[in-house]
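Every chain is numbered from 1 and lettered A, B, ... according to where its sequence line falls, protein lines coming before strand lines. Given the structure is predicted, the values throughout are model-derived calculations rather than measurements. Worth knowing before you read on, the calculation uses all heavy atoms, side chains too, and leaves out hydrogens, waters and symmetry mates.
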2 protein chains.
Amino acid sequence: MSETTAGRRPRTDAARNRTHILDVAERYFTEHGVTGSLDALAKQAGVGAGTLYRHFPSRDALLAALLAARDNELVARRDAVRTAETDPAVALDGWLEALGTWATAFDGLPDPLRAAVTEQTSPLALTCQGYVTTTEEFLTAAQQAGRARSDVRGRDLFLAVLAISWVREAAMADAASPAGLGSLLRTGWATPPA
Amino acid sequence: MSETTAGRRPRTDAARNRTHILDVAERYFTEHGVTGSLDALAKQAGVGAGTLYRHFPSRDALLAALLAARDNELVARRDAVRTAETDPAVALDGWLEALGTWATAFDGLPDPLRAAVTEQTSPLALTCQGYVTTTEEFLTAAQQAGRARSDVRGRDLFLAVLAISWVREAAMADAASPAGLGSLLRTGWATPPA
DNA sequence: CGACCATACGGAGACACTCTCCGTCTTGTC
DNA sequence: GACAAGACGGAGAGTGTCTCCGTATGGTCG
């Protein structure tokens with residue numbers, strides 16, 4: 001019953017290679033960003049290009065596997081926010097910040113994530129879909145409490161977090177920008193007319 | 001006195017090629033986005049790759065030249081907003097919308113623009129710098145009228161417009177998203193606690 | 001008008017990256 | 001220990017960037 005879809009257990013050398021590639025990829029993408037050369041990554045892992053591509057047919061597949069390792073962490077933060085916060089607006093805020101951190105795990109990550117939101121064929125699409133749904137839940141709660149605008153939608157908010165994460169990478173040089181950009185999303189630039 | 005820096009007037013065939021390349025590039029980027037193949041663009045323009053790269057040493061240089069042709073339009077909108085609007089918040093809003101339209105002139109344009117904001121070596125950097133300054137002017141006016149939060153800065157607002165433009169390209173499928181994302185920047189998702 | 005030089009032109013080719021294909025080698029089983 | 005099933009590696013095809021240099025052209029001056 002441990003095998004719902006697969007035929008048989010993978011060969012041990014294959015399994016070892018797979019995890020080893022993931023280890024190296026984690027470091028490699030951290031250092032070079034998500035657009036780093038995959039052939040170079042394969043070489044660094046000491047495997048042939050064919051092996052890399054057999055395990056992970058595309059860059060997105062590799063990223064999805066890498067992000068899967070972070071799933072626990074993000075789900076944990078979701079639950080922590082959910083149970084600790086009574087104010088649904090603060091909860092939503094906490095969730096969005098967790099999302100922002102997740103989306104900047106590697107340099108350039110927001111790009112494939114954004115693409116995945118619209119192209120459901122990507123291995124990242126499933127991952128994103130889940131988090132869009134979570135965002136929707138937090139948002140709905142905040143809206144029902146009258147703490148969030150009712151014309152905002154979960155998917156847009158998720159995309160907006162990606163957008164801010166995307167631009168944050170460029171604004172790093174400026175120390176004050178990251179926080180400023182984040183709060184822009186919550187409050188906007190405008191002041192309500194007295 | 002018409003030549004402040006250059007030595008002599010360019011050869012006529014060179015000038016003709018330059019404008020012809022720009023014409024074709026305008027169409028080409030509109031159709032294929034800013035990441036389209038430059039060699040293919042050269043072929044479509046009926047010139048060798050060398051000619052293309054001599055006139056425009058990099059993709060950014062080509063984009064900068066293309067955007068320069070839109071300068072008049074954007075400056076006109078700036079002036080129109082400036083003179084027509086008495087409310088500085090509405091003026092800022094109008095300017096940001098003009099910027100957003102400008103930043104989506106071609107698919108994928110926000111990417112090089114964002115890079116140009118931080119890398120002052122890009123030919124696009126000068127262009128961006130000017131518009132950041134304009135954004136700052138509108139913002140300062142709105143702040144002095146108490147219509148914009150005082151902790152927001154011009155550069156961040158400019159970057160935020162790029163960010164929304166960036167994500168808007170992905171959200172196109174969903175009809176309501178573009179407008180929703182834009183207003184998010186002005187108002188934020190939060191409702192002030194009664 | 002013809003010659004001459006500065007300048008521009010074209011496209012072959014060096015280099016980088018992605019991804020596939022297939023001959024060879026390993027693993028696990030009988 | 002032998003035999004599939006499956007994994008491995010890396011050569012190579014396809015695509016894109018950008019440079020280099022032999023050739024062609026435009027503009028000028030005698």
Go through C:dT18, D:dC8, D:dC18 for me and flag the one nearest to the A:Thr51 side chain.
D:dC8
Quick one: does B:Tyr28's side chain have a donor or acceptor within less than 3.5 Å of a partner on B:Ala42's backbone?
no
Contact nearer the 5' end of DNA chain D, comparing A:Pro10 with B:Ala40
A:Pro10
For A:Arg70, is there an ion pair with A:Glu26 - N to carboxylate O distance below 4.0 angstrom?
yes
Given C:dC19, C:dT27, D:dT17, which nucleotide is nearest the side-chain atoms of B:Leu38?
D:dT17
Any side-chain N or O of B:Ser37 below 4.0 angstrom from OP1/OP2 of D:dT15?
no
How far does the helix from C:dC1-D:dG30 to C:dC30-D:dG1 bend, going by the axes of its first and last five pairs, to the nearest 10°?
10°
Output the rounded distance in Å from CG (B:Asp39) to C1' (C:dA16).
14 Å
Whole angstrom value for the distance that separates P of C:dC9 from NZ of B:Lys43:
18 Å
Determine: side-chain N/O of B:Asn17 to OP1/OP2 of C:dC9, distance under 4.0 Å, yes or no.
yes
Is A:Thr12 near enough to C:dG28 that one of its side-chain N or O atoms lies under 4.0 angstrom from OP1 or OP2?
yes
Please answer whether the main-chain N or O of B:Gly188 pairs with a side-chain N or O of A:Arg149 as donor and acceptor at a distance below 3.5 Å.
yes
Nearest-angstrom distance from the residue atom NE2 of A:His20 to P of D:dA7
19 Å
Whole angstrom is fine here: how far is it from CZ in B:Arg9 over to P in C:dT7?
13 Å
Does the distance from a Lys or Arg side-chain N to an Asp or Glu carboxylate O, for A:Arg16 and A:Asp13, drop under 4.0 Å?
no
With a 4.0 Å cut-off on heavy atoms, is B:Ala14 in touch with a base, just the backbone sugar-phosphate, or nothing at all?
sugar-phosphate
Separation of atom CG in B:Leu52 from atom P in C:dG10, rounded to whole Å:
11 Å
Please confirm whether the shortest side-chain N or O distance from A:His55 to OP1 or OP2 of D:dC8 is below 4.0 Å.
yes
Any sub-3.5 Å donor-acceptor pair from A:Glu119's side-chain atoms to A:Ala125's backbone N or O?
no
Backbone of A:Phe138 reached by a side-chain donor or acceptor of A:Arg82 within 3.5 Å:
no
Can you find a donor-acceptor pair, distance only, under 3.5 Å between A:Asp13 side chain and D:dC8 base?
no
Starting from P on D:dG9, measure out to CD on A:Gln44 and report it in whole angstrom.
15 Å
Ring-face cation of A:Arg114 near B:Trp166 (centre distance under 6.0 Å, axis angle within 45°)
yes
Starting from C1' on D:dG6, measure out to CZ on A:Arg18 and report it in whole angstrom.
16 Å
Looking at B:Arg11, I'd like to know whether one of its side-chain N or O atoms comes within less than 4.0 Å of OP1 or OP2 on D:dT25.
no
Per nearest nucleotide of DNA chain D, the residue lying toward the 5' end, B:Gly36 or A:Arg54, is A:Arg54
When the ring planes of B:Trp102 and B:Tyr131 are compared, do they come out parallel, tilted or perpendicular, using 30° and 60° as the limits?
perpendicular
5'-most contact on DNA chain C: A:Gly50 or B:Ala15, nearest heavy atom basis?
B:Ala15
Once you round it to whole Å, what is the distance between C1' of C:dA14 and OH of B:Tyr53?
14 Å
Regarding C:dT18, can its base be found pairing with the side chain of A:Arg59 as donor and acceptor, where the two atoms are less than 3.5 Å apart?
no
